[in-house]
Amino acid sequence: MEISIKEFIKDKFLDLNFSSYKLIIDVSKEEFIKNIKFLFLELLYTLYFNDKKVKIDDCFNFYSNNNIYIDYKFIHDDAELLDTYLYLEAWYRLCFEIDKTNKLSFNSIYELENLNEFQEKAVKHINGPFRLLAPAGSGKTKTLINRILNLINNGISEENILALAFNKKAEIEMTDRLQKFGINNLEVRTFHSFGNQLLKNNCDLEFGGDDSEFINKCILEEILFNKNIDIKYVDDYLKLFSKFKNELTNKNDMILNGKNIYNIFIEFIDKLIEEKIYGFDDMIYFTLKLILENGKLRNNLRLKYQYILVDEAQDLNNSQLLLIRLLSLPKNNLFIVGDDDQTIYSFRGANVSGILNFEENYSCCITETLKINYRSKANIIVNSKRFIDNNKSRIYKEIIPFNNEMGDIELFVGKNIIYECKKIVEWIKEQQLKGIPNNEIAILYRYHEYEYMLKMYLLINKIPIDSNDNCFKIFDDVMPFLNFVLGKGNYNDYKKIINIKKYYIDDSELRKITDDQKFLKYLKKNNLAFLALKLKIYRNILRKKDVNFKHFILSFHLDKYIIEKFDDINRNILNNILNALTSYGKLKKIYELFLNNNNKEVLKKENCIVLSTIHKVKGNEFNSVCYYHLITPKCDIEDERKVSYVAFTRAKNNLLITTVKNDELKFVKEYMGIK
């Protein structure tokens, strides 16, 4: 069968009913180059994928040199030209391979685990691009592991397989599971560790480690200074540069304060190379630069990593997407697994179009969905699916419960956030009475700021929590005032009180203040008489009776100080915290509470309730989950729906959703099926 390139470009039709083909290149070189991506993906690769014999009269002979240099700046200058180079190279590379026999011999080295029909389709597939959609709880890691076993059974060497994990935790889990089968020579890497190793082996560069941020700042400050640009903007530049490297931003979009900063960015990159240093942010970006500019290395990597598997594909950014394209061309033996419904890292540059539009860059792609959810009870699955189906920019998926058992789903609408916390305490105690271990109970929330009062409320009720920071830290600067009025003040308290009130006192003067009376006299002498009077009044009152803690905070204007100091504390949040503490007791009781909980060890007991933002527990599962303070967002509605979907699908058996009356309850109604 003869195919005219000219006619194929025009008609876009390929008849696959023949066993052999002759491609007639009857267009100009310019026309051929202009259409090379389409010609490679829809013609040459399609023929290759379908095991057709192909003969091509190579009338252009672009690459007499097999190891071409591609300028990395095309990433930002001209992405279309970069594509042209890559697909021209892929065309000629595949021409060398297309008539070679590549028959694999099956040798049952490993026995595969029990797989459902959807997992088996993904596992048994070998050559060509494959997109596996894996909703929560559908066994994606099991599928990945068994696919690797099947590749090895089909004669593919461990050394020719590369598995790229999204984070270190997933890398360790996959490595451990493979080692149980005796597989030790297969590379399982995060994208960053893969890039880091490649740079170490092929570049005269050194990783800057913990000093990278400082070094980058110094280098950029020098560049800005030489250009007469105020170095106070250095952090803004660095933040944007990180974004440019992850998202591969077009040079015309590199704008800061109304000015294009592309040239400064390139000068910064060149300076890092000159100084032979790179940081965490550079690991993938510099790897792209290395692979593009070193044709020999690029082709050696493709020969080595003939089969590539990528986990959590929905969370890849543009630099990661380009890296897997560079490695997989021209044969595109690329297996990606992920769930576009769980794309919750867009704020870090994750580009969900990588998985949504996978077929555009990988022709002959096969797509399969892992339809069976093994994690959650049937009603949790049904409600979660109904909820996420409200998103429009997604791939529709059928999700089937493994069994039809029903879990407990409860909705609580509180008068305010304090009522939500009270409900959560009751709910936790109910879970404990069911015999559920504390570490199988998780309270999840959208924003870090929500946790202050919740953690405080749980500790007040003697419920152990798993947390790395002390929720009472916002009151660290209140303690010196409390110490003084309760007659326990010392040298350090005097200093902190004065500094908090924005009155500087040097150590030489402070050493003269050896007791409370001298401290009060010092305050009066230095125009802080009103502060001295209030401290004295509260001390005298507390000798006779207890006082209201919130009144004490407001009296010394410590509320304003706390709000100024903590970015994630606003007036409303602080009022809620103070109201919760006021309901717990008066000043002396709260003081004892602070003292007892001022040690981080209290927050690190074994067998604790898990408290976490939703982003931190992605990939985890719990017997019982509470989504605390679910508020319908005002914007980015589809992205926020994905975050909530991730929270709901962490639950195996029990789910509590708490919200407040003044919310419009859109998300709650969608999940509960309320019209």
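For this chain, numbers begin at 1 and follow the sequence in order.
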Taking the side chain as C-beta and beyond, is there a heavy-atom pair between L82 and I75 under 4.5 Å?
yes

For F622, what residues pass the ring pair (Phe, Tyr, Trp, His ring centres under 6.0 Å) criterion, not counting sequence neighbours?
none

Any side-chain donor near an acceptor of the partner, N318 and N351, under 3.5 Å:
yes

Would you call D389 and K385 a salt bridge, using N to O less than 4.0 angstrom?
yes

Check step by step if side-chain hydrogen bond (donor to acceptor under 3.5 Å, both in side chains) holds for Y345 and N317.
CA-CA 9 Å; Y345 291 106; N317 59 37; over 6 Å; no

Do H76 and F241 have ring centres separated by under 6.0 Å?
no

Does D341 come within less than 4.0 Å of K642, counting only side-chain N to carboxylate O?
no

What about F166 and H192, are their ring centers closer than 6.0 Å?
no

Indicate yes or no: does R93 engage E89 in a salt bridge with an N to O separation below 4.0 Å.
no

Just checking, any donor-acceptor pair under 3.5 angstrom between side chains of E120 and N116?
no

Does a donor on one side chain sit under 3.5 Å from an acceptor on the other, for S4 and D26?
yes

Given the ring of F38, does K12 sit roughly above its face, with NZ or CZ under 6.0 Å from the centre of the six-membered ring and within 45° of the axis?
yes

Could D315 and K618 be called an ion pair, given the rule that one side-chain N must be under 4.0 Å from one carboxylate O?
yes

Looking only at the aromatic ring of each residue, does the gap between the centers of Y645 and F387 stay below 6.0 angstrom?
no

Take E42 and K37 through the test side-chain contact (heavy atoms from CB on, under 4.5 Å) and record every step on the way to the result.
CA-CA 8 Å; E42 304 304 328; K37 180 176 180 179; over 6 Å; no

Atom CD of Q314 and atom CD1 of I395: how far apart are they, to the nearest 0.5 Å?
11.0 Å

Does F335 have its ring centroid less than 6.0 Å away from the ring centroid of Y307?
no

Taking all atoms of both residues into account, what is the closest heavy-atom pair of C365 and F358, and its distance?
SG-CD2, 3.5 Å

Taking the basic N atoms (NZ, or NE/NH1/NH2) and the acidic carboxylate oxygens, is any pair closer than 4.0 Å for K666 and E670?
yes

Gap between atom NE2 of H615 and atom OH of Y447 - 0.5 Å precision
9.0 Å

Can you measure from CD1 (I355) to CD (E312) and round to the nearest 0.5 angstrom?
9.5 Å

So is K251 actually on top of Y262's ring, under 6.0 Å and inside 45° of the axis?
yes

Quick check: Y362 with Y45 (ring centres under 6.0 Å apart)?
no

Start with the C-alpha distance between F130 and I336, add both sets of side-chain angles, then the distance that settles side-chain contact (heavy atoms from CB on, under 4.5 Å), and finish with yes or no.
CA-CA 6 Å; F130 195 104; I336 68 164; over 6 Å; no

Checking D281 against S242: is there a side-chain donor and acceptor pair closer than 3.5 Å?
yes

Run the salt bridge (Lys or Arg N to Asp or Glu O under 4.0 Å) check on K169 and E173 step by step: do they pass?
CA-CA 6 Å; K169 178 186 173 186; E173 181 183 358; over 6 Å; no

Ion pair present between R446 and E640, side-chain N to carboxylate O less than 4.0 angstrom?
yes

Partners passing ring pair (Phe, Tyr, Trp, His ring centres under 6.0 Å) against Y110 (at least two apart in sequence or in another chain):
none

Roughly how far, to the nearest 0.5 Å, is CG of L86 from CD1 of I36?
11.0 Å

Apply side-chain contact (heavy atoms from CB on, under 4.5 Å) to N246 and R348, showing your working.
CA-CA 8 Å; N246 287 327; R348 292 184 188 170; over 6 Å; no

With distance as the sole criterion, is a donor-acceptor pair present between the side chains of E247 and T249 under 3.5 Å?
no

Do NZ/NE/NH1/NH2 and the carboxylate oxygens of R650 and E621 come within less than 4.0 Å?
no

Can you tell me if N146 and E113 form a side-chain donor-acceptor pair at under 3.5 Å?
yes

To the nearest 0.5 Å, how far apart are OG1 in T143 and CG in L309?
11.5 Å

Is any side-chain N of the basic residue among D340 and K397 closer than 4.0 Å to the acidic one's carboxylate O?
yes

Pair R325 + D83, salt bridge at N-O below 4.0 Å:
yes

Please check if any side-chain donor atom of E187 sits under 3.5 Å from a side-chain acceptor atom of Y305, or the reverse.
yes

Which atom names give the shortest non-hydrogen contact between N150 and N154, and what distance separates them?
O-ND2, 2.8 Å

Could you grab the distance from atom CZ of R131 to atom CD of E359, nearest 0.5 Å is fine?
4.5 Å

For the rings on Y92 and Y87, is their centre-to-centre separation under 6.0 Å?
no

Give the C-alpha distance, both sets of side-chain angles, the deciding distance and a yes or no for side-chain contact (heavy atoms from CB on, under 4.5 Å) between Y72 and F286.
CA-CA 9 Å; Y72 85 97; F286 278 15; over 6 Å; no

Distance flag, aromatic centroids of F8 and F13, threshold under 6.0 Å:
no

Looking only at heavy atoms, which two atoms of N153 and S108 are closest? And how far apart?
OD1-C, 3.9 Å

L630 versus S644: any side-chain heavy-atom pair under 4.5 Å?
yes

